[in-house]
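Below, chain A is the first sequence line, B the second, and so on; all start at residue 1. Every value quoted in this text rests on a predicted model; they were computed, and no experiment measured them.
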Amino acid sequence: AQSVTQLGSHVSVSEGALVLLRCNYSSSVPPYLFWYVQYPNQGLQLLLKYTSAATLVKGINGFEAEFKKSETSFHLTKPSAHMSDAAEYFCAVSGNNQGGKLIFGQGTELSVKP
Amino acid sequence: EAGVTQFPSHSVIEKGQTVTLRCDPISGHDNLYWYRRVMGKEIKFLLHFVKESKQDESGMPNNRFLAERTGGTYSTLKVQPAELEDSGVYFCASTGQINTEAFFGQGTRLTVV
């Protein structure tokens, strides 16, 4: 079985500060890992994905995530937050035997203060 | 290229009524998924179509939910009769190949009163 845990339902940072959103997963098969973002009144948009190539994955809008198998983690980071980064972020896992269905974490609402 | 389209964007219905949600995937995407997010909870998988066939419907809550995908194009999700606990946001996603990027629609917010 697969599962995802996102630590912190709400994270608040100041503009220009480091963004760190935590995601831990469990999977009985080699995982595919994803980060999605949902801006207000929009659908989910893919930020980045890990599919067993490089462990450090770079995504859109300056975000990146590092796959750490030993820690079963896939934390999302951005060196400097912008006001436009305020949104809800979802970590998700899938696997080769899962037909592509995604198992999501609970989501983390990111607020950016001026 | 048009993205995944869902409608209606919002629906408010009374308990016991029927509602049908529609999803138009990206043209050519064989895989279509339905998900639901109940308020305060995580987004949960409902079912997966490959073309017109149900590949996995393990997430469907009960037999009040019926999903179809006519001719392997658009899909509908009918809730009959609706209950209060069915309220939430229903998302549709499509992919060309599995485990590649899933493109999501904006979701349908269903409120059952």
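- Proximity to chain B (any heavy atom under 4.5 Å) is shown, for A:Glu109, by neither the backbone nor the side chain.
- B:Leu32 and B:Phe103 are not part of a single hydrophobic cluster, where members link through side-chain heavy atoms under 4.5 Å apart.
- Rounding to the nearest 0.5 Å places CD of A:Gln2 at 4.0 Å from OG of A:Ser27.
- For A:Lys49, the part lying under 4.5 angstrom from a heavy atom of chain B is the side chain only.
- Counting heavy-atom pairs closer than 4.5 Å to chain B, the top residue among A:Ser94, A:Gly107, A:Gly105, A:Gly43 is A:Gly43.
- We find the CZ-SG distance between A:Phe90 and A:Cys23 to be 12.5 Å, quoted to the nearest 0.5 Å.
- A:Leu33 and A:Leu47 fall within the same hydrophobic cluster, where Ile, Leu, Val, Met, Phe, Trp and Tyr residues are linked whenever their side-chain heavy atoms come under 4.5 Å apart, directly or through other members.
- Residues A:Phe104 and B:Tyr90 do not share a hydrophobic cluster, defined by chaining ILVMFWY side chains whose heavy atoms lie under 4.5 Å apart.
- Atom OH of A:Tyr36 is separated from atom OH of A:Tyr89 by 15.0 Å, given to the nearest 0.5 angstrom.
- Contact tally against chain B (heavy-atom pairs below 4.5 Å) for A:Leu44, A:Asn41, A:Val4: the top residue is A:Leu44.
- Of the atoms belonging to B:Arg37, it is side-chain heavy atoms, and not backbone ones, that fall under 4.5 Å from chain A.
- To the nearest 0.5 angstrom, A:Leu76 atom CG is 9.0 Å from A:Leu110 atom CG.
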Subject >> Trace of the side chain to side chain contact (heavy atoms under 4.5 Å, CB included) decision for A:Leu46 with B:Phe104 >> reply: CA-CA 9 Å; A:Leu46 182 69; B:Phe104 281 79; over 6 Å; no
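- For B:Ala102, the parts lying near chain A are the backbone and the side chain together; criterion is any non-hydrogen pair under 4.5 Å.
- Residue B:Arg109 qualifies as open at atom CZ: its count of foreign heavy atoms under 6.0 Å is 12 or below.
- A:Leu21 contributes atom CG, which lies 5.5 Å from atom OG1 of A:Thr108 (distance to the nearest 0.5 angstrom).
- Proximity to chain A is absent for every atom of B:Gln55, based on heavy atoms less than 4.5 angstrom apart.
- Annotation: the span from B:Cys92 atom SG to B:Trp34 atom CH2 amounts to 5.0 Å, rounded to 0.5 Å.
- At a heavy-atom cut-off of under 4.5 Å, chain B is reached by no residue from residues 54-75 of chain A.
- A parallel orientation is assigned to the rings of B:His48 and B:Tyr33, their planes being inclined by less than 30° (bins at 30° and 60°).
- For A:Met83, the CE atom is densely surrounded, since the number of other residues' heavy atoms within 6.0 Å is greater than 12.
- Contacts between A:Gln38 and chain B at a heavy-atom distance below 4.5 Å involve the side chain alone, from C-beta outward.
- Contacts of residues 58-84 of chain B with chain A at a heavy-atom distance below 4.5 Å involve B:Ser58, listed in sequence order.
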